[in-house]
Amino acid sequence: MNVFEAMRERIEDSLSVAMRDAGRASVADGADFSVEPPRDPRHGEVSSNVALVRAKAAGMKPRDLAERVADALAAHEDVLDVSVAGPGFINLRLRGEIWRARLGDILAAGTSYGDSDLGEGKKVNVEYVSANPTGPMHVGHGRGAVVGDALASLLAKAGYAVTREYYVNDAGAQVDVLARSLYHRYCQVIDKETTGELPDDYYPGEYLVEAGRALLDRDGLKWFFSGEDEWMPPVRDFAIDAMMDLIRDDLAALGISHDVFSSERELAVSGAVEEALSDLQDRNLLYEGVLEPPKGRADEDWEPRPQTLFRSTAFGDDTDRAIRKSDGSWTYFATDMAYHRDKFRRGFPILIDVWGADHKGYVKRMQAAVDALSGGGAAFDVLICNLVNLSEAGRPVKMSKRAGTFVTLRDVVDRVGKDVVRFIMLTRGNEASLDFDLAQAVEQSKDNPIFYVQYAHARACSALRNAAETFPGEDFSDSALGEAPFDRLDEDEELSLIRMLAGWPRTVEAAAEAAEPHRIAYALSDIAAAFHALWNRGNVDDDRRFVVADDLALSRARLALVRASALVIASGLDVMGVAPVEEMR
RNA sequence: GCGCCCGUAGCUCAGCCGGAUAGAGCAGCGGACUUCUAAUCCGCAGGUCGCAGGUUCGAAUCCUGCCGGGCGCGCCA
């Protein structure tokens, strides 16, 4: 049970009662008012602004309406105390049992506590990573990967049917360059002397030397004496496969696997682009035109050129967009439009893309395109992930591909571990830039949020281990603790932690609705803080330890709270893709 | 020039679709350990929410205009 949602319904009922008693017509219902824990605990346990929001429609002063609703609420058995405060807030205190009973819910549900049907099983496609298959992933890609993956898990927890998708940009000039780079390495492996140095515009990474050897192993000297026309297609395929293997390995190291990989090239050859454009053509959204040069920027190479344009300005874009290059091939935008149309037509009414900050300027045109191609039927959202600034003990890590000092995502994951990387990547909103300090990330102190949260979980496990020693033979399983006498939990700090845990379903839903997985990290930090505070009381006062040797019943009740805290933390870590630890040693 | 993002305590940042006296961590100061791991906790101090208007019962939040910073701006993906 979600206490706040349950109270929302009671407030709705009380509102109707109040209106009827006042001789007013009932006001249309809806979720336009808040039911939430107030920031200041002196304002009660549950607070609502319903009277402020509905006063106008009710034709009453906010405080008058609040008084009436409060009177109706006061009659409810679960409500201990109601007051009207400030401009017309209704503040409630509930019977302790309402809160305590949530411990039973948590112990019964385990880490699936907080699961919600908010999404009503609607299909959502989350496209993330989509790094070009030209080399290993860098740290910036890693952020998009973690944010996308956590968002997908979050939406799944909130009741959406989520598909995790990767768009492989395996078409266009860059994969040809990749193929040439690989071919060059292949030739170098065979005969370094005659092949010569790697040209400047080729991909320089060592990983292509390995791929070159692998190509030699597979095909022998077959391509060494042939012309580019001949070797390009097979070598390109080989290169893309090799790079995708590399990327999949990098992702696996982060614990990420996608459900669907979509190929740009397959899309281009399947005629999907022509279909999409013909859709637009039919609706008169394509035309031949000449774009204005961008203002305020001197561009020597600018030449006015008539080209096929998509009327994206009709959907809020700043300028219309080209769909064909001068060599006759499609622009990236054209294939990407076809791709998004394809996703929509595969039955996803909700599309979410996770992109890097360098693609921010691309958002409007894609929104315009999805709008046009779905006839407004698709909800499309883009999460932009800002830069990651890597540092080491406060000093920025300088990276240069040429100097060979480039730090890859894999380097970082191998250094600090996947769980640390994932957690750190979620400690900021995705649009804010993120400082990632390699030294601080593994520091064992409260400066390090992942340590702080993991430590709380470990401590909880420790308390349970201790209980098993103190009370040999006693059953401290989740189901046994679910039967503990919760009414023994009557101290303010205990109740305050219980209320925090009871708010977990609300946190999950709010984070999912806002598509902000980082909120989970913040919520876990809050819960960990409350848990640590509770723990420490036991250091000051023996009677307040979780395990009290001469009072089994009290111990069981407290351990139920301890276990419930661990389960909620584990539930949040699960959304983040982080494994909870049971001890820190 | 245009577009998007950002500007909150000395520092790094939260702030849920407008809500009550703006929060947390770090740094600073003062306390709590013969530990269910003190790897933690408690307290104190610290703010014209960039500036100026507007919208309204109420604005850090929404709107407009400035100031300051970042990113992007026809055929690269």
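Letters A, B, ... mirror the listed sequences (proteins, then strands); counts begin at 1. On a predicted model such as this, the values are computed, not experimentally measured, just so you know.
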Chemist: From the options B:A38, B:C75, B:G15, select the nucleotide whose nearest atom is closest to the side chain of A:Arg519.
Modeler: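 Of the options given, the side chain of A:Arg519 lies nearest B:G15.
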Chemist: Expressed in whole Å, how much space separates the P atoms belonging to B:C11 and B:C5?
Modeler: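 To the nearest whole Å, 25 Å.
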Chemist: Quick one: are the ring centres of A:Phe451 and A:Phe423 less than 6.0 Å apart?
Modeler: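 Ring centres of A:Phe423 and A:Phe451 not closer than 6.0 Å.
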Chemist: Using a cut-off of 4.0 Å on non-hydrogen atoms, how would the nucleic acid contact of A:Asn91 be classed: base, sugar-phosphate, or nothing?
Modeler: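 Base: the residue A:Asn91, judged by heavy atoms under 4.0 Å, touches a nucleobase.
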Chemist: Looking only at side-chain atoms of A:Asp318, point me to the closest of B:G3, B:C16, B:A77.
Modeler: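 Among B:G3, B:C16, B:A77, the one nearest the side chain of A:Asp318 is B:G3.
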Chemist: In terms of the nearest nucleotide of RNA chain B, which residue is placed more toward the 5' end: A:Ala85 or A:Ser329?
Modeler: A:Ala85
Chemist: Given B:A32, B:A77, B:G19, identify the nucleotide with an atom nearest to the side chain of A:Val540.
Modeler: B:A32
Chemist: Which part of the nucleic acid, if any, lies within reach of A:Ala463 when heavy atoms closer than 4.0 Å are counted: base, sugar-phosphate only, or nothing?
Modeler: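 Answer is base: heavy atoms of A:Ala463 come under 4.0 Å of a base.
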Chemist: Whether A:Arg311 engages the ring of A:Tyr287 as a cation-pi pair (distance to the six-membered ring centre under 6.0 angstrom, angle to the ring normal within 45°) should be assessed.
Modeler: yes
Chemist: Grab the stems for RNA chain B, please: at least three consecutive Watson-Crick or wobble pairs, both distances below 3.5 Å, written as range with range.
Modeler: B:1-7 with B:67-73, B:10-13 with B:23-26, B:28-32 with B:40-44, B:50-54 with B:62-66
Chemist: Counting only N and O atoms by type, is there a donor-acceptor contact under 3.5 Å from the side chain of A:Arg63 to the main-chain atoms of A:Gly86?
Modeler: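 At least one qualifying donor-acceptor pair exists.
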Chemist: Base, sugar-phosphate, or nothing for A:Ser326, non-hydrogen atoms under 4.0 angstrom?
Modeler: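 Counting heavy atoms under 4.0 Å across all strands, the contact made by A:Ser326 includes a base.
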Chemist: Is the distance from OP1 or OP2 of B:A38 to the nearest side-chain N or O of A:Asn539 less than 4.0 Å?
Modeler: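 Yes, such a contact exists.
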Chemist: Please list, pair by pair, any protein nitrogen or oxygen found under 3.5 Å from a nitrogen or oxygen in nucleotides 56-62 of chain B.
Modeler:
none

Chemist: Side chain of A:Asn536, heavy atoms from C-beta onward: which of B:C41, B:A77, B:C16 has the nearest atom to it?
Modeler: B:C41
Chemist: How is A:Glu583 classified with respect to the nucleic acid when contacts are heavy atoms under 4.0 Å: base, sugar-phosphate, or nothing?
Modeler: base
Chemist: Kindly say whether, by distance alone, the side chain of A:His359 makes a donor-acceptor pair under 3.5 Å with the base of B:A77?
Modeler: yes
Chemist: Heavy atoms from C-beta onward define the side chain here; which of B:C13, B:U40, B:A77 lies closest to that of A:Arg459?
Modeler: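 Out of B:C13, B:U40, B:A77, the nucleotide with an atom closest to A:Arg459's side chain is B:U40.
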Chemist: Scan A:Tyr452 against the nucleic acid and name what it touches under 4.0 Å (heavy atoms): base, sugar-phosphate only, or nothing.
Modeler: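 A:Tyr452: backbone/sugar contact only, no base atoms under 4.0 Å.
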Chemist: With centres under 5.5 Å and planes under 30° as the test, does A:Phe89 stack with B:A20?
Modeler: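 It does: the two rings, one from A:Phe89 and one from B:A20, meet the stacking criterion.
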Chemist: Let me know the distance between CG of A:Asp542 and C1' of B:A32, rounded to the nearest Å.
Modeler: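 My rounded result for the distance is 14 Å.
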Chemist: When you measure only distances, ignoring hydrogens and angles, does the side chain of A:Ser47 come within 3.5 Å of the base of B:A20 through a donor and an acceptor?
Modeler: yes
Chemist: With sugar-phosphate meaning primed atoms plus P, OP1 and OP2, does A:Gly429 contact a base, only sugar-phosphate, or nothing at under 4.0 Å between heavy atoms?
Modeler: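 Result for A:Gly429 = sugar-phosphate.
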Chemist: Determine, for A:Phe4 and A:Arg506, whether the Lys NZ or Arg CZ falls below 6.0 Å from the six-membered ring centre while staying within 45 degrees of the axis.
Modeler: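 Geometry flag: set, cation within 6.0 Å and 45°.
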Chemist: Categorize A:Gly538 for me: base, sugar-phosphate, or nothing, with a 4.0 angstrom heavy-atom threshold over every strand shown.
Modeler: base
Chemist: Go nucleotide by nucleotide along RNA chain B from the 5' end; which of A:Gly86 and A:Thr319 gets its closest nucleotide reached first?
Modeler: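 Per heavy-atom nearest nucleotide, the more 5' residue is A:Gly86.
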Chemist: Are OP1 or OP2 of B:C16 and a side-chain N or O of A:Tyr522 less than 4.0 angstrom apart?
Modeler: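 No, no such contact exists.
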Chemist: Taking atom CD of A:Glu266 as the centre, report whether more than 12 heavy atoms of other residues, nucleotides or ligands fall under 6.0 Å from it.
Modeler: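 Not buried by this count: 12 neighbours or fewer within 6.0 Å.
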Chemist: Check every strand shown and say whether A:Lys446 touches a base, only sugar-phosphate, or nothing at a heavy-atom separation below 4.0 Å.
Modeler: sugar-phosphate
Chemist: Assign A:Arg42 to base, sugar-phosphate, or nothing according to its heavy-atom contacts below 4.0 angstrom with the strands shown.
Modeler: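 Touches a base.
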Chemist: Expressed as a whole number of angstroms, how long is the span from A:Arg537:CZ to B:A38:P?
Modeler: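 Rounded to whole Å, this separation is 15 Å.
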Chemist: Enumerate all atom pairs, one protein N or O and one N or O from nucleotides 5-12 of chain B, separated by less than 3.5 Å.
Modeler:
{"unit_1": "B:C5", "atom_1": "O3'", "unit_2": "A:Glu431", "atom_2": "OE1", "d": "3.4"}
{"unit_1": "B:U12", "atom_1": "O2'", "unit_2": "A:Arg428", "atom_2": "NH2", "d": "2.8"}

Chemist: In Å, rounded to the nearest 0.5 Å, how long is the span from CG of A:Leu92 to OG of A:Ser83?
Modeler: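 Answer for the CG-OG pair, A:Leu92 versus A:Ser83, is 8.0 Å.
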Chemist: Looking only at the side chain of A:Phe451 (C-beta and beyond, no hydrogens), which of the listed nucleotides B:U40, B:C16, B:A77 gets closest?
Modeler: B:U40
Chemist: Centre-to-centre under 6.0 Å for A:Phe89 and A:His43, is that the case here?
Modeler: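 Between A:Phe89 and A:His43, the centre distance exceeds or equals 6.0 Å.
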Chemist: Side-chain donor or acceptor of A:Asp358 under 3.5 Å from a matching atom on the base of B:A77?
Modeler: no
Chemist: Which listed nucleotide (B:C17, B:A77, B:U40) is nearest to the side chain of A:His532?
Modeler: B:U40
Chemist: A:Glu292 near the nucleic acid: base, sugar-phosphate alone, or nothing, with a heavy-atom cut-off under 4.0 Å?
Modeler: nothing
Chemist: Can you check the distance between B:A52 and B:G1, where both ends of the measurement are the P atom (answer in whole Å)?
Modeler: 24 Å
Chemist: Quick one: does NZ or CZ of A:Arg8 land under 6.0 Å from the six-membered ring centre of A:Phe33, within 45 degrees of the ring axis?
Modeler: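 Satisfied, under 6.0 Å and within 45°.
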Chemist: Counting the atoms with a prime plus P, OP1 and OP2 as sugar-phosphate, which does A:Asn169 contact under 4.0 Å by heavy atoms, base, sugar-phosphate, or nothing?
Modeler: sugar-phosphate
Chemist: Quantified in whole Å, what is the C1' atom distance between nucleotide B:A24 and nucleotide B:U8?
Modeler: 13 Å
Chemist: Considering only side-chain heavy atoms of A:Thr331, which listed nucleotide, B:C16, B:A38, B:C75, is closest?
Modeler: B:C75
Chemist: So A:Asn132, base contact, sugar-phosphate only, or nothing? Heavy-atom distance under 4.0 Å.
Modeler: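 The answer is sugar-phosphate, as A:Asn132 gets under 4.0 Å only of primed atoms, P, OP1 or OP2.
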